[in-house]
Every structure is written in C-alpha cells, then in structure tokens.
Student: 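Questions regarding the structure given below will be posed in turn.
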Amino acid sequence: MRKALTEILRQAIDKAITSGGLKTKIPPPVILEIPRDETKGDYATTLAMTLSSVEKTPPRKIAELIVENIEDREGILERLEIAGPGYINIFLRTGCWLEALKNAVSRGEQYGKLDIGEGKLVQVEFVSANPTGPLHIGHGRGAAFGDSLANLLRAAGYNVQREYYINDVGNQMETLGRSTYIRYNQIFDPGIPFMEDGYKGDYIKDIAKSIVSEVKDKYFRLPEGEAVPFFTGYAKDNILDGIRKDLEDFGVRFDNWFSERNLYDSGEVDSILKALKERGYLYEREDALWLNTTLFGDDKDRVVVRSNGQKTYFASDIAYHQNKFERKFNFIIDIWGADHHGYEPRMKAGVHCLGYPEERLKVILVQLVTLLREGKPVSMSTRAGEFVTLREVLDEVGRDAARFMFLTRRSDSHLDFDLELAKKESAENPVYYVQYAHARIVNIFRQAEAHGILPPSTEGADLLLLSLPEEIRMIKLIAAYPELIEASALALEPHRVTFYLQDLATALHNYYFHHRVITDDLSLTEARLILLQGVKQVLKSGLMIIGVSAPERM
RNA sequence: GCCCCCGUAGCUCAGUAGGAUAGAGCAGCGGUUUCCUAAACCGUUUGUCGGGUGUUCGAUUCACCCCGGGGGCGCCA
C-alpha cells in the first residue's frame, strides 16, 4: 500500500519536473507518515514543505502542483487534501483496505514475512554468559531480546544464526575449578577454609556433592594442581548444562555453541596475532604486546598479550570475530550487557584491524534489570552469590509473562521487572491482555462452528459489509503489520512488536465489546469472521516473534 | 577527569531519518455484564517534552553548553 503510494507521488514529482513546474534537479525521497489523527488521512506527506525552501515557493503552492500532477491509474485514492502549512493528506478508498485484508488472510501464516533481508546471512550472538554460575535475570533480558531480534530478522527475510559464545578459558575457569575443589574437600573436612575470591554460590556446593556421589573421595587432598582441571571441567559442564536447560525452558534455542577454547586449540588466536603483527598493528611495550586500537577511534591501545605471557580475552575476542567473518556472515550482531559498553570502541577497532568495515559489526547493549516485588527492589548481589536467577523468575511468573515483560522497554533503557505485576491476571498485565485477545477470537470461531458456521473463504465473503469505524481501524492495523516488521527489523528493535500487539489487542477488545460477530445475518457474520481471522493471524505472528504463546483458550 | 545511556502526565514508559492540537498503560474518579469468555469495555483529570543557546519556514527530535540520575573507564572479565 505504502509502496504503491510512494510510486504515485514519485511519478507526480517527476512529471512536475519535466513539465517545468518544479525546478529542482534532485527529487527528494518520498516520505509517507501515518497521521495520528484519522481525520488527516490514511497517509500524509510533508513533501511540499521540504521542497519549499529549494523552490523558493510557498509550500501550499507546491502541494497544489504535486496534487495536480498525480495520476491514480489503479484508482486507489479516495481524495487528497492540502492542509495546515502544506501537508498533503491522502485518503484511500475503502476498497483498498478491504483488498489488503483479503490479501493478509489469504497469505495466512506467510503474511508479514518479507524479503527485504534478501536471504543475507546474519549472526546474532547473545547471552554468552560465562559458565561460572546460573543465568540471572539480566541474562534473561538479553536472551529474550536476542531471540526475538533473531525471529524478527528471520521474518524480514534474513538468514539468521543464533550463537552462544562460551568463555571457557582463563582465570575465571581456574577460579571456578578451585572453588569447586575446595567445596568438595570441605565435604570430607569442614574445617578447610574457603578461598577469598571464589564463587560463593550454593550451586558450587551442589556440584561438589554430585562429584562426591560419582567419584567418592578420589580427589580428596590431592594436590591442587593435579586435581583442579578435573573440577574445572566438571563444574563447567554441569553449569553449562544448567544454562542450556534454562534457555530451553525459556524458549531460546541456539544454533551454535562456540567455545573460546577451540580458538586456542585450533591455533586461531596465535595466527591472528601473527597476522596483526605483520600488518603492523601490534607493538611491544613493557614486556606486553599491544594492539594499536587508537588508530581506529579507541581512546587507548589495548593489551593482547600480557607481560606474563597470558593472552587477554580481547585477544581471543578478536580471533572470534575473525572467525565469524570467515563464516561469511554479511553482518554480525553482538548483544552485550550494558556493563560492557566500554568494550565497544575497542571491539570495533579490532574489527577494523582485521580489515573488515566496522559497519558489519553491530553492537547492541541491553541495560540491566531491576527486580521488584510489589514495587520494592529485590536485592541482588553477585559477590555474595545472592542473585535472582532466571530459573526462579521463570518458575514464579512463567515463560510468556517473563518474555513479554522483557520486551516492554527499548533495550537501552532500564527495566523494572515487577514480579507481582507479571503474575497478575488482569488488565495491568499486558501479556494476558494480548493473549486474551487471541483466545477470544479462537473462542468466537468455536462458537461459530457450534452454530454450524464454517470458516468462510476470502473469495466468498462480501467484505464490503465491513464498514464500521472499528472494523476499518483494525483492518488498517492489519495492513500496517508488514511495515511494522520492516521498520522494527531495520531498527533492530523488537520491542516495537510488543507495542503494536497491545494496540491491536485494544482494537479487538473494543470491537468485541461493542459488536457481535455471530448474528443471524450470515453474510455479515462471515465478513466479520474474515476480519477476525486476519487479526488472529497477526496476533499470533507477532507473539511468535517475541516468543510468547498464542493460547487457544484462557 | 574522560566516555556512553537516560531525563516526556502523579507513577512506569512509547514516540524523534525535523512536521499539524505530544501518546499509551497504571494509579484517581464515575460508569458498563439477561448478550460470542468482565483476564474485557466506556467516560473523565494530567504536560515549561530537565534548563538554555543555536541551525530551520518549523525542534520533544539535530548541534553546543549547563543541571540531574545511572553505568563504564585495569597487563580484570
């Protein structure tokens, strides 16, 4: 719809230029907006105002000129108005909207699936929590966001891969192993003191217990150096299994789990350092090896090999990104917790050093979550090992509510997650509000069937019977759905889908309350069922993108 | 000190590729059910878009400065 209109306007401008009415050589892009106020048209454009300064002509005059040159070959325009300082307000014929509804319903589940991604290969890397403890609520937000973004991009026609990067090398793995080792020993001798910067969470004790049940006292009092690798491996695998399970129950499945260790084992880290050295980006200072990231906008250079010979995480991160690009992704999206934001310039500089344009790496920061219970913050402290896990939230509020809540804000703004609100079964809780709209429609279809009315076909029904303002409003929302998908995907903002769904649900509930779908008038009933079929489809499709179920009854 | 994000109705937040009278939910107040699910609906109240300057025909949106809140600034991850 928007496409056709844009074309009509573009041609009108071209025509005005050839006929000499407009002097500009470079026609401006046609921008169509949907006015807030329905009386101002289905679409509106500010073209005339934009052109006014170039043409040195009053905007309303230009608007007239454009309108005069418009040719509506397919007859989709009802009327045009020039309003305010020079808007061109465009009213479409109702038939266009009915056509759009028909199209939506006949495309079924394919409606809202676009091809703007052109099948391009995109990777979304998210969560990637270190395997040193269970996922907490902040990871949950990252998971909900990343997964929905991947769904969204897929709907827009991209070929999307979801990846989880496992930091299974380095100091913290060592710490994990030692913490587990000590907890294990403490089972046999409670007098043994715990280490200072160890992981204090109870889950480590649980892991130690399960080790005892498997191998008894095989490692008790064994020298630390000998024993720790086993504990590291065991604890890591155990925690990773838990993370996988949590994510699965959260409805998030990764296509690939990528191990940092593999980058070392395969020699990729060394070879990339060598390559960077050959390109002259590395230099030595104070016994350490530095990458000259300031060349590309970082505010200081970064160490890749420490003076003690240990490679930094940044070194493997560069190798990791090299690996990603070698896998032919057209672009890659890294989703990080907001606490990593200082890392972005250096990673982009790193990508630059690798010889890739940094536009191909998109970093999205997800702000932290404050957990509330009845409006009061729930204390969370990672240090003390007390934090609210994703598992606990899932168990308490359920997957649908949790996923929806995480997408009620843009990713870069703080999120207050109220446990009580998420559990409420009322209008305050937007999750049920939207789901209820879906369930209601399904119920109407059930009722219709009970009355012996079968789901009508789009060809057979007389859609002209849909003339109520509430009906037209819903049809317009349905018609706008593909545009919503496109805009959200391009902006990488799945939260827009959440907002849209609430609008659509509102329209549905309002309509439902004021009008009966199933009446003695069969033709009208059928037309309305077609409309509801469209609403249902779009609700379901949108909910699927944000990873929330569309229940058949509630 | 430097960098990033945020500041919009009483509360929580949308909205900005510059556009018309800035929106929603919640809270408040008042209503709706012999009728396809009331997990619903309707009505009503609320704004110096943190402040200032600039660019523009036009700024909540862009630029700069200031104020306030949060976060990040290690040969840590």
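Numbered from 1 within each chain, the chains take letters A, B, ... in sequence-line order. A quick note: this is a predicted structure, and the numbers were derived from the prediction, not measured.
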Student: Take atom CZ of R409(A) and atom C1' of U12(B), then tell me their distance rounded to the nearest Å.
Tutor: 5 Å
Student: Return yes if a side-chain donor-acceptor contact under 3.5 Å exists between R528(A) and Y511(A), otherwise no.
Tutor: yes
Student: For I31(A), which contact category applies under a 4.0 Å heavy-atom criterion: base, sugar-phosphate, or nothing?
Tutor: base
Student: For atom P, what is the distance between G25(B) and U44(B), given to the nearest Å?
Tutor: 13 Å
Student: Counting only side-chain heavy atoms from C-beta out, which of G74(B), A77(B), C36(B) sits nearest to Y343(A)?
Tutor: A77(B)
Student: Is H451(A) touching bases, backbone alone, or none of the nucleic acid, heavy atoms closer than 4.0 Å?
Tutor: nothing
Student: Rounding to the closest angstrom, what is the interatomic distance between U8(B) and A24(B) at atom C1'?
Tutor: 12 Å
Student: Would you kindly give the CD-to-C1' distance between Q367(A) and G69(B), to the nearest whole Å?
Tutor: 12 Å
Student: Between D270(A) and K274(A), does any side-chain N to carboxylate O distance fall below 4.0 Å?
Tutor: no
Student: Where the side chain of Q447(A) is concerned, which of C36(B), A77(B), C5(B) is the nearest nucleotide?
Tutor: C36(B)
Student: For a quick check of understanding: with a heavy-atom distance under 4.0 Å over all strands, which category does S413(A) fall into, base, sugar-phosphate or nothing?
Tutor: sugar-phosphate
Student: Under 4.0 Å between any heavy atoms, over every strand shown, what does R553(A) touch: base, sugar-phosphate, or nothing? Just pick one.
Tutor: base
Student: Please determine if a side-chain N or O atom of K300(A) lies less than 4.0 Å away from the OP1 or OP2 oxygen of G74(B).
Tutor: yes
Student: Within the 4.0 Å heavy-atom criterion, would you say E286(A) contacts the bases, only the backbone, or no part of the nucleic acid?
Tutor: base
Student: Using a heavy-atom cut-off of under 4.0 Å over every strand shown, decide if N89(A) touches base, sugar-phosphate, or nothing.
Tutor: base
Student: Quick check on G15(B): is either OP1 or OP2 less than 4.0 Å from any side-chain nitrogen or oxygen of R410(A)?
Tutor: yes
Student: To the side chain of T312(A), which of C41(B), A77(B), C36(B) is closest?
Tutor: A77(B)
Student: Examine H495(A) together with F145(A) and report whether their ring centres are nearer than 6.0 Å.
Tutor: no
Student: Applying a 3.5 Å limit to both distances, which nucleotide forms a Watson-Crick or G-U wobble pair with U32(B)?
Tutor: A40(B)
Student: Step through it carefully: locate the ring centre of F417(A), locate the ring centre of F406(A), and say whether they are under 6.0 Å apart.
Tutor: yes
Student: Considering only side-chain heavy atoms of E493(A), which listed nucleotide, G15(B), C75(B), C36(B), is closest?
Tutor: G15(B)
Student: With rounding to the closest Å, how many angstrom separate the P atoms on G58(B) and U21(B)?
Tutor: 15 Å
Student: Tell me the interatomic distance from D168(A), atom CG, to A77(B), atom P, rounded to whole angstroms.
Tutor: 14 Å
Student: Rounded to whole Å, please give me the gap between OH in Y199(A) and P in A77(B).
Tutor: 11 Å
Student: Considering only atom P, compute the distance from U48(B) to C42(B) and round it to an integer number of Å.
Tutor: 28 Å
Student: Which part of the nucleic acid, if any, lies within reach of H509(A) when heavy atoms closer than 4.0 Å are counted: base, sugar-phosphate only, or nothing?
Tutor: sugar-phosphate
Student: Check the distance between G72(B)'s C1' and W336(A)'s CH2 and give it to me in whole angstrom.
Tutor: 13 Å
Student: Report the C-alpha distance between N323(A) and E268(A) in whole Å, list the side-chain angles of each, state the deciding distance to 0.1 Å, and finish with yes or no for side chain to side chain donor-acceptor pair (under 3.5 Å).
Tutor: CA-CA 8 Å; N323(A) 182 292; E268(A) 284 172 72; 2.8 Å; yes
Student: Distance check needed: G72(B) P versus H341(A) NE2, whole Å only.
Tutor: 9 Å
Student: How far apart are the closest heavy atoms of P494(A) and I546(A), and which atoms are they?
Tutor: O-CG2, 4.3 Å
Student: What nucleic acid atoms does N130(A) come within less than 4.0 Å of, heavy atoms only: base, sugar-phosphate, or nothing?
Tutor: sugar-phosphate
Student: With nearest nucleotides of RNA chain B determined for G342(A) and N308(A) from heavy-atom distances, which residue corresponds to the more 5′ nucleotide?
Tutor: G342(A)
Student: Between Y343(A) and Y313(A), does a ring-ring contact (aromatic ring centres under 6.0 Å, His included) hold up when you go through it step by step?
Tutor: CA-CA 11 Å; Y343(A) 211 77; Y313(A) 279 80; 9.2 Å; no
Student: Taking the side chain of R440(A) as its heavy atoms from C-beta onward, which of U21(B), A38(B), C41(B) lies nearest to it?
Tutor: A38(B)
Student: Report which part of the nucleic acid F445(A) touches: base, sugar-phosphate, or nothing (heavy-atom distance under 4.0 Å, all strands).
Tutor: nothing
Student: Taking the side chain of H495(A) as its heavy atoms from C-beta onward, which of G15(B), C75(B), C5(B) lies nearest to it?
Tutor: G15(B)
Student: Base, sugar-phosphate alone, or nothing: which one does A44(A) contact when heavy atoms must sit under 4.0 Å apart?
Tutor: base
Student: Under 4.0 Å, counting only non-hydrogen atoms across every strand here, what does N510(A) touch: a base, just sugar-phosphate, or nothing?
Tutor: sugar-phosphate
Student: Take I88(A) and P345(A), find for each the nucleotide of RNA chain B with the closest heavy atom, and name the residue whose nucleotide sits nearer the 5' end.
Tutor: P345(A)
Student: Rounded off to whole Å, could you give me the CZ-to-C1' distance for the R346(A) and C4(B) pair?
Tutor: 14 Å
Student: For atom C1', what is the distance between G28(B) and C11(B), given to the nearest Å?
Tutor: 12 Å
Student: Just call it for A437(A): base, sugar-phosphate, or nothing, with non-hydrogen atoms closer than 4.0 Å on any strand.
Tutor: nothing
Student: Are T498(A) and V434(A) close enough that some pair of their side-chain heavy atoms sits under 4.5 Å apart?
Tutor: no
Student: Provide the distance between the two P atoms, one in A17(B) and one in A77(B), to the nearest whole Å.
Tutor: 41 Å
Student: In the strands shown, is C64(B) matched to any nucleotide by a Watson-Crick or G-U wobble pair with both distances under 3.5 Å, and which?
Tutor: G52(B)
Student: Looking across every strand, which nucleic acid part, if any, lies under 4.0 Å from H438(A) by heavy atom: base, sugar-phosphate, or nothing?
Tutor: nothing
Student: How close or far is atom P of A77(B) from atom CZ of R302(A), stated in whole angstroms?
Tutor: 12 Å
Student: Using the C1' atom on both, measure U32(B) against G23(B) and round to a whole Å.
Tutor: 25 Å
Student: Can you identify which nucleotide, out of A77(B), A38(B), A14(B), has its nearest atom closest to the F499(A) side chain?
Tutor: A14(B)
Student: Taking the C1' atom in each of A9(B) and A27(B), what is the distance between them to the nearest angstrom?
Tutor: 12 Å
Student: Could you check whether any side-chain heavy atom of Y500(A) comes within less than 4.5 Å of a side-chain heavy atom of L477(A), counting everything from C-beta outward?
Tutor: yes
Student: Applying the Watson-Crick and G-U wobble criteria at under 3.5 Å, what pairs with C2(B)? Answer none if nothing qualifies.
Tutor: G72(B)
Student: Both distances below 3.5 Å, Watson-Crick or wobble geometry, any strand: find the nucleotide opposite C13(B).
Tutor: G23(B)
Student: Just checking A448(A): base, sugar-phosphate only, or nothing, at a heavy-atom cut-off of under 4.0 Å?
Tutor: nothing
Student: Could you work out which one of A39(B), C73(B), C36(B) sits closest to the side chain of M554(A)?
Tutor: A39(B)
